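Computed from a predicted model, the values in this text were never measured in an experiment. Indexing begins at 1, ligand by ligand and atom by atom, following the structure's order. Any value given below was found using the heavy atoms of this structure, including those in side chains, with hydrogens, waters and symmetry copies removed.
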Amino acid sequence: MKTIKILHMYSNILDLYGDSGNMEVLKYRSKMRNIDCEIEYHSLGTENTDFSKYDLIYLGGGADFEQQLLGDDLQKCKNDIISAYKNGTFLLLICGGYQLMGQYYLDSNKENIPGLGLFDYHTVASSDKGKRCIGNIVVEAELNGKKTKVIGFENHGGQTMNITKPFGKVLFGNGNSFNDSTEGYFEENVIATYLHGPLLSKNPDVADYIIEYCANRNQQDKITLAPLNDELENKCREVMFDRLLK
Ligand code: GLN
């Protein structure tokens, strides 16, 4: 049986709006294709994590306080995470996790949280603490040459700037900053986004893109995932698209 190895970082700290549900979706949709998902954890105080053995590293979202809390521990992992990313490990980064992989996050108390500097973008919290990007959001992304609408819920004070390769074009909602036209950051092995939901329960195409990438990584014989019955998911999506885009 094929196995996908996942490292879920700070699962007990970064779990806004049930972001850990993304792991449940990956497990379920992999299992339906006879692929096993092995999930291991790194949190504050975990010693000797071997970042090189994972196909996917996952960080969810959190409030500024939580991001401050794990800042030092994350910096200790910097070189290992950079090597894993350069070696093709997939990075799935939601909201707070997304911000922390950039240059820095200047939070709502004007405290600087250094990022790991994997990417060029940086984030500055809105000067008015009461003003945040909150609400449903729909983004048009392109995965393996196929356009797909990605739906979720955003809640961030941070305004992310200097994005070279966005995840998608905003069709409804704010995106990287207030009334932005772009959302998130994307590379073949990186999806960094403000979308909670959890993201993958609302967007089966995104989940399958990640599973297929991880399953085919370092493999001679590439697989194509058999489609699943997503009738219910699609009905839910249509309700939201009707509500938000018409
Ligand atoms: N604390 C960050 C912000 O407010 C990230 C929030 C989040 O992860 N939802 O921008």
Side chain to side chain contact (heavy atoms under 4.5 Å, CB included) involving N174 - partner list, sequence neighbours excluded
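Scan of N174 (side chain to side chain contact (heavy atoms under 4.5 Å, CB included), adjacent residues dropped) gives C133, E154, F178, N179.
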Partner set under side chain to side chain contact (heavy atoms under 4.5 Å, CB included) for N155, not counting sequence neighbours:
Y17, R132, I134, F153
For the pair R237 and N203, evaluate side chain to side chain contact (heavy atoms under 4.5 Å, CB included) and give the outcome as yes or no after the intermediate values.
CA-CA 8 Å; R237 285 164 56 80; N203 301 288; 2.7 Å; yes
Sequence neighbours left out, what passes side-chain hydrogen bond (donor to acceptor under 3.5 Å, both in side chains) with N189? Give chain and number order.
none
Starting from the N and O atoms of ligand 1, find every protein N or O within less than 3.5 Å and list the pair with its distance.
residue, atom, partner, partner atom, Å
ligand 1, 1 (N), G62, O, 3.1
ligand 1, 1 (N), D64, N, 3.3
ligand 1, 1 (N), D64, OD1, 2.5
ligand 1, 1 (N), Q67, OE1, 2.7
ligand 1, 4 (O), R132, NH1, 3.4
ligand 1, 4 (O), R132, NH2, 2.9
ligand 1, 4 (O), G157, N, 3.1
ligand 1, 8 (O), G62, N, 3.0
ligand 1, 8 (O), G62, O, 3.2
ligand 1, 8 (O), G96, N, 3.0
ligand 1, 9 (N), N155, O, 3.0
ligand 1, 9 (N), H196, NE2, 3.0
ligand 1, 10 (O), Q99, NE2, 3.0
ligand 1, 10 (O), G157, N, 3.1
ligand 1, 10 (O), G158, N, 2.8

For the residue pair H8 and Y58, categorise the inter-ring angle as parallel (less than 30°), tilted (30 to 60°) or perpendicular (more than 60°).
tilted
Where do T160 and Q99 land on the side chain to side chain donor-acceptor pair (under 3.5 Å) test, with the steps shown first?
CA-CA 8 Å; T160 301; Q99 295 170 344; 4.8 Å; no
